[in-house]
**Q** 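Below you'll find the structure I mean.
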Amino acid sequence: MSRDHLKGATAAPGPAYDADAPFLELLARGAAAEAYDRPVLLARAEGGSGERIAALEHAKLLALRVRSELEGRRRREAELSALFETAHDLAGPRDVDAVLQAIVQRARSLLGTDIAYLSLHDPARGDTYMRVTEGSVAARFQQLRLGMGEGLGGLVAQTARPYVTDDYFRDDRFRHTTTIDAGVRDEGLVAILGVPLMLGPHVIGVLFAADRRARVFEREQIALLGSFAALAAAAIDTANLLTETRSALAGLEQANEIIRDRSAVIERASDVHDRLAELVLRGGGVHDVAAAVSQVLDGTVEFLETAPAAAVEASRAEGHAVRHEHDWVAAVAAGGELLGALVLRGHPGLDPVDQRTLERAAMVTSLLLLARRSAAEAEQRVRGELLDDLLEARDRDPRLLRERATRLHADLDATHVVLAARLDATAPDADQEAAARRRLWSAASHLAATRHGLAAARDGGTVLLLPLEHADTATELARRTALHLGTAVHEAVTVGASAPVRDLAADPDTVVAAYAEGRRCLDALRLLGRSGDGAAAEDFGFLGLLLAGDRDVAGFVERTIGRVVAYDARRGTDLLRTLDAYFASGMSPVRTKDELHVHVNTVAQRLERVGRLLGDDWQSPARALEIQLALRLHRLAIPAPH
């Protein structure tokens, strides 16, 4: 800070807040604690008034308190971040040595010690050994082995409690040995903190932090090192469990190898049966059957509508797959109709089991082709069903609509949500695309039937009309529906939901508007990259105003700043006006207090109250944008004074 600036800060007495300026600048640039004495010293040297010097002294104390609090928060954030990163390491497939090394490094960094190290119990030898060291320079220290009860680590292991010594060589609470003391002396250690690594009631090791000078470890530092020790124990326990699991799996693999050698034929037949059954149940297509059989037979299987005529006729007449040059051909027929053939390429030496597999796949293919034909016919008929009539907003008698709904076990007088669902993946060809849509429609129809709702294929996807339970929300229903349909079809399904709608029989236009709203939510989810998710307009914050059919401005304002509005109304405060000024001043408390003509501390107190009402993240970019929009809408909603 320049001398002229400080001189200006200590000039003739002005407003009370002038004394804060030099200290605010010191806080802003993160100056050292010693720098906070300079404005006071300079004011005294220039003969400042007693009142001015007292104000500077008071401001200095407040600034130092703020600086201390900020440093404490930064330190706690660093500690929590390190613990989170360590926990994340445990969740990943990292090597246990790498995790332990990271734990020791982070412990040393956060505690600010010269050295950190970790010792583990050796059950075979009955002592402990150095597993990881960070900052060590003495080879003898890195190779130390500690017997139970020896050294500070032995005391920690014996008592299962943390211990700290300010001066290792003068501490007689633990047993000194020549070997351990020599290693500690080589490393030059003086102050040592040790905490136990616990697995249940057992101590499996000790985590240390040490300095080469006298030092007092505070309670928070002991607790932090204890947290790292707990994570280290968890990493070791996970590694032990993984080793045991791998050993058990190796034994099982050996046993399974014997079983596989003796039952290969049975397994192959069972595999084919399971795969084909799954394809049928989830509405798979002929190409799915060909792909599944290709994997089982370790070859290339294709479905051809036109295959070598002689081979197809021979297969059809014999009821078996026949060899054609280097290929095998199995006719796909239903009754007297020939639908095509499955052709296995490049397997001239097909064994009887694989031949029967190909024949079974041809039979399943014929069933799927017939099912696809039936589904196509049913898809045409479904256009005349109740939901299509509602979506087309035809002029119909409400009484007849209710009667038709009752026959389908649906209640049009209940509160419903209209959901637009669509598959996210694009199939490589038209047949697979149509099959995927049929699977989605089939799953949606089943869900609607079990929930006493309606479902129909529409606009390349599926639309559902589902009743809304009393304690449920449109958002929760959309997310459950996306999860249910995605699980059923084994693909990601995105679902957009309308707001709850009522009186569907009396006003069919309601369904049309709700479907349009659900479609807009669906498109928004896909544009935002949230494929496979479900949401309603209320989930998009202020964007929901654009997505919702009824533009629920009052609901948006209430959800965003309703608690502040209510607080002002109840207490007669000016929190809303303060928020307006705060955002208009670029979120600067200093400019805000000028705008409001109040003290900066008053602004800070009001903003603190706003934070308690709206949550700690109210100044994040996304929340701030929504709050500003809600403030503007709130102002517009208030009638102008006459």
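Keep in mind it's a predicted model, so treat the numbers as computed, not measured. Throughout, residue positions are numbered sequentially from 1 according to the sequence presented. Just the heavy atoms: all of them, side chains too, but no hydrogens, waters or symmetry mates, feed the values below.
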**Q** Check whether any side-chain N or O of Glu517 sits under 3.5 Å from a backbone N or O of Ala499 as a donor-acceptor pair, and report yes or no.
**A** yes

**Q** Under the ring-ring contact (aromatic ring centres under 6.0 Å, His included) definition, can you give me all pairs with a residue in residues 601-621, not counting sequence neighbours?
**A**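 The answer is Tyr582-Trp618.
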
**Q** More than 12 heavy atoms of other residues, nucleotides or ligands under 6.0 Å from CG of Asp616: yes or no?
**A** no

**Q** Please identify which of these residues, Asp574, Val610, Thr592, meets the side-chain contact (heavy atoms from CB on, under 4.5 Å) condition with Leu579.
**A** Val610

**Q** Please report the shortest heavy-atom distance between Leu56 and Pro39, naming the atom on each side.
**A** CD1-O, 3.9 Å

**Q** Working note: Leu193 + Leu111, criterion side chain to side chain contact (heavy atoms under 4.5 Å, CB included); need CA distance, chi angles, decisive distance, verdict.
**A** CA-CA 11 Å; Leu193 164 63; Leu111 270 68; 4.2 Å; yes

**Q** Report yes or no: does Thr133 contribute a side-chain atom to a donor-acceptor pair with the main-chain N or O of Tyr117 at less than 3.5 Å?
**A** no

**Q** Take atom CZ in Arg173; do more than 12 heavy atoms of anything else shown fall under 6.0 Å from it?
**A**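 Counting other residues, nucleotides and ligands, CZ of Arg173 exceeds 12 neighbours.
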
**Q** Between Ser498 (side chain) and Val418 (backbone), is there a donor-acceptor pair under 3.5 Å?
**A**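 Checked: pair present.
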
**Q** Between Glu608 and Arg612, is there a salt bridge with N-O shorter than 4.0 Å?
**A**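 Yes, Arg612 and Glu608 are salt-bridged.
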
**Q** What distance do Lys593 atom NZ and Thr578 atom OG1 have between them, rounded to the nearest 0.5 Å?
**A** 14.5 Å

**Q** Is any side-chain heavy atom of Leu607 less than 4.5 Å from a side-chain heavy atom of Gln619?
**A**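 Leu607 does not reach Gln619 side chain to side chain.
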
**Q** Look up atom CG in Leu419 and atom CZ in Arg519, then write down how far apart they are to the nearest 0.5 Å.
**A**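 Answer rounded to 0.5 Å: 13.5 Å.
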
**Q** For residues Val206 and Thr128, determine if any side-chain heavy atom of one lies less than 4.5 Å from a side-chain heavy atom of the other.
**A**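 A side-chain contact is absent here, since even the closest heavy-atom pair is not under 4.5 Å.
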
**Q** Between Val511 and Val501, is there a side-chain heavy-atom distance shorter than 4.5 Å?
**A** no

**Q** Please report the closest heavy-atom contact between Ala535 and Arg530, naming both atoms and the distance.
**A** CB-NH2, 4.0 Å

**Q** Indicate yes or no: at least one non-hydrogen side-chain atom of Phe208 is less than 4.5 angstrom from one of Val156.
**A** no

**Q** For Pro500 and Leu468, which heavy atoms make the closest approach, and how far apart are they?
**A**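 Heavy-atom minimum between the residues: CG-CD2, 3.7 Å.
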
**Q** Find the distance between CD1 (Ile204) and NE2 (His121) and round it off to the nearest 0.5 Å.
**A** 10.0 Å

**Q** Going by heavy atoms in the side chains, are Glu220 and Leu224 under 4.5 Å from each other?
**A**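 Side-chain contact under 4.5 Å: no.
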
**Q** State yes or no: are the ring centers of Phe217 and Tyr163 separated by less than 6.0 Å?
**A** no

**Q** Taking Leu575's backbone N and O only, do any of them form a donor-acceptor pair with Asp568's side chain (distance below 3.5 Å, no angle check)?
**A** yes

**Q** If we ignore hydrogens and angles and just use 3.5 Å, is the side chain of Asp211 paired with the main-chain N or O of Arg213 as donor and acceptor?
**A** no

**Q** Within the structure provided, determine whether Arg609 and Arg571 are in side-chain contact (heavy-atom separation under 4.5 Å).
**A** no

**Q** Start with the C-alpha gap between Phe174 and Gln158, add the side-chain angles, then the distance that decides, and say whether side chain to side chain contact (heavy atoms under 4.5 Å, CB included) holds.
**A** CA-CA 10 Å; Phe174 47 84; Gln158 265 190 337; over 6 Å; no

**Q** Met198 and Ala233: which non-hydrogen atoms are nearest, and at how many Å?
**A**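 Closest heavy-atom pair between Met198 and Ala233: O-CB, 3.4 Å.
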
**Q** How far apart are the closest heavy atoms of Gly154 and Leu146, and which atoms are they?
**A**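 Shortest heavy-atom contact: N-CD2, 4.5 Å.
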
**Q** Using a strict 4.0 Å threshold on nitrogen-to-oxygen distance, state whether Glu57 and Arg44 make a salt bridge.
**A**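 Counted as a salt bridge, because a side-chain N and a carboxylate O are separated by less than 4.0 Å.
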
**Q** Can you tell me how far CG of Leu42 sits from CD1 of Ile53, rounded to the nearest 0.5 angstrom?
**A** 10.5 Å

**Q** For Val137 and Arg212, what are the C-alpha separation, side-chain angles and deciding distance, and is it a side chain to side chain contact (heavy atoms under 4.5 Å, CB included)?
**A** CA-CA 12 Å; Val137 296; Arg212 296 185 175 94; 3.9 Å; yes

**Q** Does the Thr494 side chain pair with the main chain of Gly532, one donor and one acceptor, at a distance under 3.5 Å?
**A** yes

**Q** For the pair Glu134 (side chain) and Ala116 (backbone), establish whether a donor and an acceptor sit closer than 3.5 Å, ignoring hydrogens and angles.
**A** no

**Q** Evaluate the side chain to side chain donor-acceptor pair (under 3.5 Å) criterion for residues Gln142 and Ser136: first the C-alpha distance (whole Å), next the side-chain angles of each, then the deciding distance (0.1 Å), finally the verdict.
**A** CA-CA 7 Å; Gln142 298 167 15; Ser136 172; 3.1 Å; yes

**Q** Is the side chain of Arg563 donor-acceptor paired with the backbone N or O of Leu613 at a distance under 3.5 Å, no angle test?
**A** yes

**Q** First locate atom CD of Gln628, then atom CE of Met587, and finally report the distance between them rounded to the nearest 0.5 Å.
**A**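 It comes to 7.5 Å.
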
**Q** So, taking the atom named CG in Leu465 and the one named OH in Tyr515, what distance separates them when rounded to the nearest 0.5 Å?
**A**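 It is 12.5 Å, given to the nearest 0.5 Å.
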
**Q** Got a sec, which residues hit side-chain hydrogen bond (donor to acceptor under 3.5 Å, both in side chains) with Asp114, two or more places apart in sequence or on another chain?
**A**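 Applying side-chain hydrogen bond (donor to acceptor under 3.5 Å, both in side chains) to Asp114 gives none.
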
**Q** Mind checking whether Arg215 and Asp166 have side chains closer than 4.5 Å, heavy atoms only?
**A** no

**Q** If you count heavy atoms of other groups shown closer than 6.0 angstrom to CZ of Arg219, is the number above 12?
**A** no

**Q** Would you say Thr473's side chain and Glu476's backbone share a donor-acceptor pair under 3.5 angstrom?
**A** yes

**Q** I want to check something: taking the side chain as every heavy atom from C-beta on, are Leu596 and Arg577 in contact at a cut-off of under 4.5 Å?
**A**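 The answer is yes; the side chains approach within 4.5 Å.
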
**Q** Indicate the atoms forming the closest heavy-atom contact of Leu485 with Ala421, along with that distance.
**A**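 Here Leu485 and Ala421 meet closest at CD1-CB, 4.0 Å.
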
**Q** Determine, stepwise, if the pair Asp171 / Ile192 fulfils side chain to side chain contact (heavy atoms under 4.5 Å, CB included).
**A** CA-CA 11 Å; Asp171 199 330; Ile192 304 176; over 6 Å; no

